[in-house]
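Scroll down for the structure; my scribbles are underneath it.
The analysis underlying the following values was restricted to heavy atoms, covering all of them including side chains, and did not include hydrogens, waters or symmetry mates.
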Amino acid sequence: MTIARMLDHPGFAPELLALAAVEALGPSARDWAEQLRSTYPEASPDGLARLATRRFVRLAGAGGATSALAGALAPLAELTSVLWAQANLVLHLAAAYDRDPAHPDRAVELLVLTQVHPDAESARTALDAARALDGPGDAPWPRVVEAAWRLAAPLAAQAAGWLALRLASRLLPGAAVLAAAAGDAAAAERLAARAITAYRPARGG
C-alpha cells in the first residue's frame, strides 16, 4: 500500500516513509522499552537510550558496509538502509524517554530530526497533505526531484565522497566498505545526539 502510494505521489515519499515507519516500527520499539523496564526496573531512560544508540549505530554501520558492495546501486542501497535504521533509532530513543513511538507525532519528529524538514510546523503540514492523498498525483516530475533531494539529506555529507571511495576501492580492496560503515555509523551517532536532546526531559528548574 505504501509503495503504491509512493509511486503515485513520489513527491511525498519522505512523508509516506515516515508514516509507514511509525506504523511498522513503533509498536516493536514500544515493546522493546517495556520489556527492558520490566526486566530491569531500575534502568534509567538514559541507560535505555545508550542501549538503543549502540544497537542502531552498529546496524547503520553494518548496513552501510553491505550496501557498499552493491556497485553502481550503492548510493540507493545505502540510502534505503540508512533511512530505515535511522527511523528505528529515533523511535527506540523516543520509547526510552517514555514517548509513545507509535504516536503520529513521532512522524513529525522523525522528519525534523533527520533534517528532511526544518521544523515541526512544515513537517506537520507536509504529513497532513500526504495523509490526504488519493489517487495518482499530477505533474509528478518536479516533485520527484524534490523528494529525491529531501530523501538524500541524511547522506548529503557523504555524496561527494562516493567517487573517491570507488576509486580508492580499486587500489585498496575493502576501502569503500570500511568508509561507508564508518560514515553511516557516525551519521547515526549524530542523529542519536539530536534525538536524545529532543526527548530527554529538561533538568532542574
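- With contacts defined as side-chain heavy-atom distances shorter than 4.5 Å, the pair D105/E109 qualifies.
- For the pair V57 and A188, the tightest heavy-atom approach, listed with the atom from each and the gap, is CG2-CB, 3.9 Å.
- Judged by distance alone, with hydrogens and angles left aside, the side-chain atoms of R194 form a donor-acceptor pair with the main-chain N or O of L113 at under 3.5 Å.
- Of all heavy-atom pairs between P104 and R131, the closest is CB-NH2, 3.9 Å.
- More than 12 heavy atoms of other residues, nucleotides or ligands lie within 6.0 Å of CD in E34, so this atom counts as buried by the packing criterion.
- For the pair Q35/S38, no side-chain contact is recorded, criterion being any heavy-atom separation below 4.5 Å from C-beta on.
- Contact of the Y40 side chain with the L48 side chain is not registered, since no non-hydrogen atoms from C-beta on lie closer than 4.5 Å.
- In this structure the side chain of T53 never reaches within 4.5 angstrom of the side chain of R50, judged on heavy atoms.
- By the 4.5 Å heavy-atom criterion applied to side chains, N88 and W32 are not counted as neighbours.
- Interatomic distance, Q86 CD to T114 OG1, rounded to the nearest 0.5 Å: 6.5 Å.
- When all heavy atoms of Y97 and Y199 are compared, the closest pair comes out as CB-O, 3.6 Å.
- For the pair A198 and R99, the tightest heavy-atom approach, listed with the atom from each and the gap, is O-NH2, 3.8 Å.
- Interatomic distance, E15 CD to L111 CG, rounded to the nearest 0.5 Å: 5.5 Å.
- The side-chain heavy atoms of L36 and L51, taken from C-beta on, include a pair separated by under 4.5 Å.
- Here the CZ-CZ distance, from R106 to R30, works out to 11.0 Å after rounding to the nearest 0.5 Å.
- Minimum interatomic distance between L110 and A87 (heavy atoms only, all atoms of both residues): CD1-CA, 3.7 Å.
- Remark: the backbone N or O of V108 is not paired with any side-chain donor or acceptor of R124 at under 3.5 angstrom.
- L19 is connected to V116 through a chain of hydrophobic side-chain contacts under 4.5 Å among Ile, Leu, Val, Met, Phe, Trp and Tyr, so both are in one cluster.
- Here H92 contributes atom NE2 and L25 contributes atom CG; the two are 8.0 Å apart, rounded to the nearest 0.5 Å.
- With L93 as the fixed residue, the side-chain contact (heavy atoms from CB on, under 4.5 Å) test singles out one of L91, L89, V90: L89.
- Heavy-atom minimum distance, A107 versus V22: N-CG2, 3.5 Å.
- In this structure, the side chains of D98 and R37 come closer than 4.5 Å at one or more pairs of heavy atoms.
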